[in-house]
Amino acid sequence: MARTLVIVESPAKARTIEKYLGKGYSVESSIGHIRDLPKSASDIPEKYKGQAWARLGLDVENDFQPLYVVAPDKRQHVAKLRKLAAEADEIILATDDDREGESIAWHLFQELKPKVPVKRMVFHEITKEAIQAAIAHPRQIDTNLVEAQEARRALDRLYGYEVSPVLWKKVAPKLSAGRVQSVATRMLVERERERMRFVSATWWDLLVTGKTGEDQSFPARLTDVGGQRLAGGKDFDPLTGRLREGAAVRLLTEAEAQALTTGLTGQALTVTSAEEKPFTQRPYAPFITSTLQQEGSRKLGFAATRTMRAAQKLYEGGYITYMRTDSTNLSVEAVTAARTQVTQMYGPAFLHPQPRVYAKKAKNAQEAHEAIRPAGSSFRTPDSLRGELGGDEWRLYDLIWKRTVASQMADARGRGLRVRLGGQAQGGETVGLSASGRTIDFPGFLRAYVEGSDDPNAALEDRDTPLPPLKEGERVTAETIRPESHETQPPARYTEASLVQALEAAGIGRPSTYASILGTIQDRGYATKKGQALVPTWTAFATSALLEHHFGKLVDYDFTARMEEDLDDIAGGRASRVPYLRRFYLGDEGQGMALKPLIDRQMGEIDARGIATIHVPRLDGTGIEVRVGRYGPYMQRGEDKANLPEGLVPDELTAETAEDLMSRPSGDRLIGTDEASGHPVVARAGRYGPYVTLGDGNPPVRSASLFPGDDLNTLTMERALRLLSLPRLVGVSEGEEVWAMNGKYGPYLKRGGDSRSLNSHEELFTVGIHEAEALFMQPRFRGRGVAAAPLRTFEIEGRPPILLKSGRFGPYLTDGERNATLRKGEGEDNLTAERALEILEERGKEPKKKAGKAASRKATAKPAAGKAAKPSTRSSAKKPAAKKPAVKKAGAKGTVSKSSTVKTPLTWAELKPHLGVLSEQERQLVTATREQGRKVDEVAPGLGLDVKKAKGMALQASKKLNQAARGD
DNA sequence: CAGTGAGCGAGCTTCCGCTTGACTT
């Protein structure tokens with residue numbers, strides 16, 4: 001019997017379709033994309049590793065040829081598909097009918113290399129009829145559509161992997177930029193900027209309770225005084241808090257409001273007009289991914305991921321249709337099912353006369369699926385599933401069911417009543433009031449579904465605000481009056497739901513990515529959640545500013561929209577991928593984005609310090625600047641600095657809070673006053689961790705790091721003074737003083753130029769001179785606490801043992817010859833000797849000992865740029881004594897040469913007088929880095945130097961300078 | 001943003017879209 005292999009994207013879909021197809025067909029899934037550009041170095045095949053473009057996964061010099069790899073976690077599955085393909089007589093690629101789906105089909109074809117006929121089929125709803133119709137009308141893979149997808153993929157890779165490194169250099173490491181996330185971040189930042197500029201205003205009005213002759217009460221609001229309209233919220237300029245220019249309105253003060261309250265109470269009012277207007281309201285379209293997330297958030301309080309997790313479960317269980325869609329379309333069977341259910345549950349009066357069609361396309365919609373609705377040709381009611389579904393899932397199903405059913409229900413009908421009243425206060429001032437009401441005569445679809453509310457019936461009552469049947473000319477009494485003050489509100493922050501809505505409206509992002517976009521911008525530290533609101537961080541401000549100023553086109557709100565137009569041209573065969581990418585990446589005679597040349601240019605031009613400085617309008621005139629530093633955001637005014645506390649959101653930073661923070665910098669905690677010296681003792685969080693100081697000047701009289709286990713917030717005075725008593729003179733040995741000190745690398749003893757580590761911090765206080773002498777008798781680096789002690793040792797016959805050590809960059813393996821850093825997941829605990837050997841063989845590298853290269857790397861990797869010259873001089877000075885790793889066999893410990901004649905690095909003050917030995921360029925480089933604390937990368941272009949060359953020069957220069965200063 | 005010793009391995013970070021499990025909290 002002939003065997004046909006059908007491949008769809010999702011396993012749940014495969015199960016359903018298999019049922020419809022019957023014998024002769026087996027249905028499998030690709031589980032999404034099966035191949036992609038390599039994500040990082042570990043995914044790049046060995047043979048391409050040396051290529052300059054391998055990092056991008058696109059050969060940018062050769063028509064942007066993509067390098068596709070099957071991700072490690074997909075290999076097994078692809079192998080399985082390959083095997084099934086080999087056994088089949090025919091293959092049908094039935095992935096989604098959109099750009100990505102077409103691409104998946106093409107990748108399957110490429111990767112499975114089938115030797116049997118291959119067809120492509122598409123369908124938009126999973127019903128027996130639709131599937132059978134689709135299978136009867138197969139087509140071929142649309143290579144233009146595949147090209148469009150490849151162009152999209154390449155553009156996103158180039159944008160992300162070329163622009164992110166600019167941020168690493170200019171803002172902070174590990175940040176990211178991308179077509180979607182950068183615009184999303186910018187939206188948050190721009191909204192927050194509006195809030196930061198916002199000036200609030202106050203206005204008053206009166207809430208009047210009117211009473212008719214029949215003793216019916218109703219609320220009315222004061223709208224006019226003396227023939228002039230009262231000012232309301234929209235009459236104020238959000239930038240100044242003042243009334244908009246030319247607004248012919250009356251601003252009521254509190255005193256006036258009080259006076260009117262007294263003057264109006266008990267007065268008679270006349271109805272001057274009463275207008276009744278009928279209205280109708282249509283139901284909302286069935287759910288698509290974005291609206292489901294919005295309503296999940298508004299009605300159920302679910303974050304986007306929670307909604308999607310529940311939806312996924314419902315889909316897998318066969319309760320709903322596919323949950324990642326941008327189409328509001330319902331299949332015929334769905335419309336029929338919904339209409340049947342409306343009649344059954346609400347009666348025929350509630351059914352819309354004709355089936356409703358929701359055809360309005362979202363921007364850039366691909367419409368490969370149906371709307372999200374209950375599955376099947378007759379919907380199961382929420383009540384019938386109560387015992388079957390878990391909490392989140394049931395509530396979401398209920399929502400989906402209501403929305404779907406409501407979409408086929410009748411319009412809601414009602415009347416709106418608007419009444420105007422006039423009168424006179426006792427003081428003689430004429431006043432105008434207005435009252436409005438709303439009566440729902442026929443709820444229609446509102447019976448099932450009210451947007452934003454969890455309970456349609458309760459919400460219906462809320463919406464019904466009837467007024468007594470007031471007639472023109474009727475007299476009523478102003479029974480009670482309450483003056484009310486109002487404040488204008490800044491524009492609200494985005495929530496997850498409203499950001500998704502905004503992105504979707506701009507055509508940015510896809511149903512499958514909305515939830516993850518929110519995750520990305522939070523993971524990268526661009527936004528935090530405060531309740532429901534998404535608040536951009538200071539880093540987001542710096543990043544957005546950089547992108548806006550230097551890569552403006554990339555963060556245009558319609559960048560994606562334009563891209564989509566271009567991709568449509570490619571998909572339609574009117575344009576091609578290669579020229580498109582060339583214009584974007586390389587530029588074409590001044591045409592196009594020309595990203596690469598732009599980055600090369602901007603790298604030299606972007607002023608990292610300027611970008612890190614964030615304009616806060618409310619601090620204008622205070623002289624205080626906000627800046628994002630390597631260690632978080634801080635404020636600066638001249639020499640004074642203060643950290644910005646973590647919870648402080650940007651729009652809450654007023655001049656007042658800023659001054660307050662500046663007056664007690666860095667969240668310092670005053671512990672008390674040292675009676676002996678009279679100086680204050682302050683606990684601080686510093687660049688190198690928590691510490692205490694004696695005196696609050698700069699520099700303080702003395703300072704000391706806290707020990708591990710000490711807590712900044714609970715440190716007592718007694719403990720602080722004890723810490724500050726360090727360093728401690730232990731005694732005298734061999735004619736030299738022995739000091740117990742707490743250093744960068746932990747506690748140690750110092751005797752002249754010699755030192756030994758101590759095992760614990762507390763020993764700093766307890767170690768005696770005899771113990772100290774014993775320690776100095778021993779060679780260095782003995783005993784525990786020494787970095788060189790391996791965490792584990794793997795003995796393997798016939799070769800040197802492999803050691804697992806803990807290094808600055810995490811755990812790594814070494815056998816003395818080669819080293820290999822462990823990756824995430826290669827746990828230290830479950831590592832076997834065999835696996836250790838494998839890793840070492842696979843990626844072990846001989847440690848680089850070529851001084852020049854190693855030194856220059858080190859120099860640039862140092863966080864403090866101003867000190868960049870120090871390590872380089874150190875390592876070059878050490879060069880003669882450098883040990884060849886091969887000599888250092890395991891077990892040969894303790895033979896460390898004592899001739900390590902490392903000189904203490906000279907200070908800048910000591911070096912400065914010798915600047916004369918340098919050339920002009922060298923001098924400029926060295927002063928810029930050491931005196932102004934700038935980075936070589938920044939300075940180089942200004943001096944007309946290539947960055948690499950400048951780094952080399954800086955090294956040589958500081959070497960020369962040290963030599964000169966030491967007089968050798 | 002403080003300040004002290006010498007000594008241990010380089011390598012990676014990052015995009016958007018398509019899809020589930022396999023993990024842990």
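Below, chains carry the letters A, B, ... as their sequence lines are ordered, and counting in each starts from 1.
- Within 4.0 Å (heavy atoms only), A:G178 reaches sugar-phosphate atoms of the nucleic acid but no base atom.
- A donor-acceptor contact under 3.5 Å links the side chain of A:S705 to the base of B:dA2.
- Among the atoms of the strands shown, only primed sugar atoms or phosphate atoms (P, OP1, OP2) are found under 4.0 Å from some heavy atom of A:S10.
- Nucleic acid contact class of A:D36 (heavy atoms, under 4.0 Å, all strands): base.
- The ring of A:W168 lies on top of the base of B:dT13, close enough and flat enough: under 5.5 Å between centres, under 30° between planes.
- Listed candidates were B:dG5, B:dG17, B:dT14. Nearest to the side chain of A:Y748 is B:dG5.
- Summarising the geometry, the separation between NZ on A:K13 and C1' on B:dC18 is reported as 11 Å, rounded to the nearest angstrom.
- Looking at heavy-atom distances under 4.0 Å, A:T520 makes contact with sugar-phosphate atoms alone, never a base.
- With rounding to whole Å, A:L694 atom CG is found 16 Å from B:dA2 atom P.
- Counting any heavy atom pair closer than 4.0 Å across all strands shown, A:G509 reaches sugar-phosphate atoms only and no base atom.
- Contact annotation for A:R99: no contact, since no heavy-atom pair falls under 4.0 Å across all strands.
- In this structure, A:D98 contributes its side chain and A:Q366 its backbone to no donor-acceptor pair below 3.5 Å.
- Looking at A:R510, its side chain has no donor and acceptor atom pair within 3.5 Å of the base of B:dC16.
- Residue-level contact check: A:S176 touches the backbone only, with heavy atoms under 4.0 Å from sugar-phosphate atoms and none from bases.
- Residue contacts shown for A:P165 include a base, since a base heavy atom lies under 4.0 Å away.
- In this structure B:dG9 sits in the syn conformation; its chi angle is within 90° of 0.
- Rounded to the nearest 0.5 Å, atoms OG (A:S290) and CZ (A:R324) are 14.5 Å apart.
- At the heavy-atom level, A:Y161 lies under 4.0 Å from base atoms of the strands shown.
- A straight line from CG of A:D523 to C1' of B:dC15 spans 14 Å, rounded to a whole angstrom.
- Computed from coordinates, the A:E564 CD to B:dG17 C1' distance equals 12 Å when rounded to whole Å.
- Contact annotation: A:R179 reaches the phosphate of B:dG17 (side-chain N/O to OP1 or OP2, under 4.0 Å).
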Discussion item. For A:K74 and A:D36: C-alpha separation, side-chain torsions, deciding distance, then whether salt bridge (Lys or Arg N to Asp or Glu O under 4.0 Å) applies.
Written reply: CA-CA 11 Å; A:K74 283 279 171 71; A:D36 192 13; over 6 Å; no

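- The nearest whole Å value for the distance from the CD atom in A:E316 to the C1' atom in B:dA22 is 14 Å.
- A:Q636 comes within 4.0 angstrom of nothing in the nucleic acid, heavy atoms only.
- The aromatic rings of A:Y322 and A:H369 lie tilted to each other, with the angle between the two planes from 30° to 60°.
- Residue contacts shown for A:L175 are limited to sugar-phosphate atoms, with no base heavy atom under 4.0 Å away.
- Counting only heavy atoms from C-beta on, A:A41 has its side chain closest to B:dC12 among B:dT13, B:dC15, B:dC12.
- Residue A:A12 is out of contact with every strand shown, counting any heavy-atom pair closer than 4.0 Å.
- Relative to the six-membered ring of A:Y161, A:R157 meets both conditions, a distance below 6.0 Å and an angle of at most 45° to the axis.
- In this structure, A:Q181 reaches the sugar-phosphate backbone alone: every heavy-atom distance under 4.0 Å involves primed, P, OP1 or OP2 atoms, never a base.
- Of the candidates B:dT13, B:dT19, B:dT14, B:dT13 carries the atom nearest the A:P173 side chain, counting heavy atoms from C-beta on.
- A cation-pi arrangement is found for A:R751 relative to A:F776, the charged atom lying closer than 6.0 Å to the ring centre and inside a 45° cone about the ring normal.
- Under the ring pair (Phe, Tyr, Trp, His ring centres under 6.0 Å) criterion, A:F707 pairs with A:H761, A:F765, not counting sequence neighbours.
- For the pair A:K74 NZ and B:dG17 C1', the interatomic distance rounds to 11 Å; values are reported in whole Å.
- Between the side chains of A:T613 and A:R627, at least one donor-acceptor pair of N or O atoms lies under 3.5 Å.
- We find that CG of A:D326 is positioned 18 Å from P of B:dC16, with the value rounded to whole Å.
- Partners of A:H77 by ring pair (Phe, Tyr, Trp, His ring centres under 6.0 Å), not counting sequence neighbours: none found.
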Worksheet entry | Pair assignment for DNA chain B - dot-bracket with | for other-strand partners, Watson-Crick or G-U under 3.5 Å | .........................

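- One interatomic measurement links the two molecules: CZ of A:R157 to P of B:dT14, which rounds to 12 Å at whole-angstrom precision.
- Between B:dG5, B:dT20, B:dT13, one nucleotide has an atom nearer to the side chain of A:S755 than all others, and that is B:dG5.
- Counting non-hydrogen atoms under 4.0 angstrom, A:K39 reaches a base of the nucleic acid.
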